[in-house]
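This report refers to the structure that appears directly beneath it.
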Amino acid sequence: MDDEPLSEWAERRDAKIGQLRALPLVPGDGPQGSHVNPDAPRVIQRWNGHAWEPHGFAVNLAEAKRILYPQAGEPPVSEPEPVPAPAQKPLGAGTGRHRKPPAKPPAPGPGKR
């Protein structure tokens, strides 16, 4: 199997301990996107390594962002990574099913032979 060693998994898990998230306190089927109901109160949760536990409370999305991102005053904006273009495969020999047929030389005009 291609399982990672337990020590590597534990390091990844421990690196996330203390991470915060903000969830809107609105009725519904669970957490929604942060842009939905920006004026709704938010509960701030902290990851303890096993489960999300209550950590704080924010009046709205703007205050929640100030709590989640105190160093910048606003959420970090990540630049999208450029997607590499697929490598061009050279055409192999043969006509192929969807290939354009080879161009025929122009037919001689009338009177020319």
Side-chain angles (χ1 to χ4, degrees):
M1 293 186 74
D2 294 334
D3 291 338
E4 66 181 327
L6 185 59
S7 60
E8 290 179 18
W9 173 83
E11 286 176 17
R12 282 191 304 112
R13 186 196 65 191
D14 292 344
K16 295 178 184 178
I17 292 177
Q19 180 180 356
L20 300 176
R21 73 176 182 180
L23 298 175
L25 293 174
V26 294
D29 293 335
Q32 299 176 352
S34 64
H35 65 284
V36 179
N37 297 324
D39 295 329
R42 304 285 202 265
V43 63
I44 308 297
Q45 295 180 334
R46 181 179 174 273
W47 182 250
N48 67 9
H50 300 285
W52 291 99
E53 57 187 15
H55 181 72
F57 181 78
V59 176
N60 56 24
L61 178 59
E63 184 179 338
K65 285 184 177 182
R66 282 192 294 274
I67 294 170
L68 296 177
Y69 311 108
Q71 68 279 7
E74 59 186 41
V77 178
S78 61
E79 295 285 328
E81 294 184 22
V83 178
Q88 292 285 38
K89 296 181 182 177
L91 295 177
T95 57
R97 192 168 154 200
H98 296 287
R99 292 209 185 151
K100 186 175 179 181
K104 295 180 182 177
K112 291 186 178 180
R113 289 201 166 204

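Keep in mind that the numbers below use all heavy atoms, side chains included, and drop hydrogens, waters and symmetry copies. Keep in mind it's a predicted model, so treat the numbers as computed, not measured.
Considering only heavy atoms from C-beta on, Trp9 stays 4.5 Å or farther from Asp3 through its side chain.
Going from atom CZ of Arg21 over to atom CD1 of Ile44 covers 11.0 Å, rounded to the nearest 0.5 Å. The structure places CH2 of Trp52 at 4.5 Å from CD of Gln19, a figure rounded to the nearest 0.5 Å. Considering CD1 of Ile17 and NE2 of His50, their distance stands at 7.0 Å, rounded to 0.5 Å. A distance of 12.0 Å separates NE2 in His55 from CG in Asn48, rounded to the nearest 0.5 Å.
In terms of heavy atoms, Arg42 sits closest to Asn37 at NH1-O, 3.0 Å.
Under a hydrophobic-cluster definition in which Ile, Leu, Val, Met, Phe, Trp and Tyr are linked whenever side-chain heavy atoms come within less than 4.5 Å, directly or via other members, Tyr69 and Leu20 are assigned to the same cluster. The cluster map of Ile, Leu, Val, Met, Phe, Trp and Tyr, joined by side-chain heavy atoms under 4.5 Å apart, puts Val43 and Val59 in different clusters.
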